[in-house]
Q: 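Okay, here's the structure, questions in a sec.
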Amino acid sequence: MSSSLADEPVEPADDDAEPLSADGYEPLLERLGDAWTVVDGHHLEATYAFPDFETALAFTNDVGELAEAEWHHPDIHLSWGEVRIEMWSHDIDGLHRSDFAMAARMDRAYAAYADGE
Ligand SMILES: C[C@H](O)[C@H](O)[C@H]1CNC2=NC(N)=NC(=O)C2=N1
């Protein structure tokens, strides 16, 4: 059974690391929820739906806590009933395995809302 990306460590990219190419990120993208796409080979993007603003804000705060805990921060766009996430590694201005580990953690956090909690 493939280990969950959500349990992989989030580690800073080495300063001289190259961003993942399509051959590198496509297998990782397949392990994420359907909400995620790679935009311009540069960053991950996902949009999560919610019943209202208050619930979207609660999820936004959950993502913020994940980002602070892992010291790896997405761009978060909060709207009524929707949260759009953009995730990449600023230090290498592209995608790193850690971005997929963070995305998987966000999918796991969202699952709690999809269950109507
Ligand atoms: C200065 C600070 O340590 C850096 O900006 C950290 C914090 N959060 C980060 N978040 C993201 N997405 N990429 C980074 O390279 C990064 N680096």
Side-chain angles (χ1 to χ4, degrees):
M1 176 175 132
S2 68
S3 63
S4 166
L5 273 175
D7 296 321
E8 283 201 9
V10 174
E11 293 162 346
D14 297 333
D15 285 343
D16 59 354
E18 286 296 315
L20 289 172
S21 63
D23 288 346
Y25 65 69
E26 281 171 358
L28 295 170
L29 182 61
E30 286 172 13
R31 294 170 61 187
L32 295 178
D34 292 343
W36 293 99
T37 60
V38 170
V39 177
D40 299 333
H42 173 262
H43 60 273
L44 282 163
E45 187 167 316
T47 299
Y48 292 107
F50 299 92
D52 51 34
F53 184 85
E54 183 181 15
T55 313
L57 177 57
F59 178 73
T60 298
N61 286 314
D62 290 350
V63 173
E65 286 176 21
L66 285 170
E68 284 293 284
E70 303 295 346
W71 200 241
H72 201 61
H73 302 83
D75 287 14
I76 308 171
H77 306 268
L78 170 62
S79 312
W80 196 101
E82 183 174 286
V83 174
R84 179 166 58 82
I85 305 279
E86 295 169 348
M87 184 79 248
W88 77 100
S89 292
H90 304 159
D91 292 347
I92 59 173
D93 191 25
L95 286 170
H96 184 272
R97 191 175 183 91
S98 292
D99 299 311
F100 292 83
M102 284 300 295
R105 284 169 169 78
M106 294 181 223
D107 279 345
R108 184 164 59 185
Y110 181 65
Y113 292 82
D115 295 345
E117 280 187 31

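Indexing begins at 1, ligand by ligand and atom by atom, following the structure's order.
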Q: With a 4.0 Å cut-off, strictly under, does atom 14 (C) of ligand 1 pick up any protein heavy atom?
A: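 For atom 14 (C) of ligand 1 the answer is yes, since some protein heavy atom falls inside 4.0 Å.
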Q: Considering heavy atoms of the protein only, find what lies nearest to atom 5 (O) of ligand 1 and give residue, atom and distance to 0.1 Å.
A: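 Residue, atom and distance for the closest contact: Asp91 OD1, 4.7 Å.
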Q: Using a 4.0 Å cutoff against the non-hydrogen atoms of Met87, which atoms of ligand 1 qualify?
A: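 Counting from 1, the qualifying ligand atoms are 12 (N).
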Q: When you compare the side chain of Trp88 with that of His42, does any pair of heavy atoms fall below 4.5 Å?
A: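 They are in contact (side-chain heavy atoms under 4.5 Å apart), so the answer is yes.
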Q: Please determine if Arg108 and Asp7 form a salt bridge, counting it only when a charged side-chain N lies under 4.0 Å from a carboxylate O.
A: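 Result for this pair is yes, salt bridge flagged.
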Q: Side chain or backbone, does His73 bring an N or O within less than 3.5 Å of an N or O on ligand 1?
A: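 Yes, since at least one N or O of His73 sits under 3.5 Å from an N or O of ligand 1.
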Q: Is it true that, when you exclude Glu54 itself, more than 12 heavy atoms of the residues, nucleotides or ligands shown sit nearer than 6.0 Å to its CD?
A: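 Count not over threshold, so no.
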Q: Looking only at distances, please establish whether an N/O atom of ligand 1 is found under 3.5 Å from an N/O atom of Trp71.
A: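 There is such a contact, yes.
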Q: Step through the shown structure and confirm whether more than 12 heavy atoms of other residues, nucleotides or ligands are within 6.0 Å of CG on Asp52.
A: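 Above 12, so yes.
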Q: Fit a plane to each ring of Phe100 and Tyr25, take the angle between them on a 0 to 90° scale, and name the class: parallel (under 30°), tilted (30 to 60°) or perpendicular (over 60°).
A: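 Parallel.
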Q: Using a 4.0 Å cut-off to any heavy atom of Trp88, which atoms of ligand 1 qualify?
A: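 The atoms of ligand 1 under 4.0 Å from a heavy atom of Trp88 are 11 (C), 12 (N), 13 (N).
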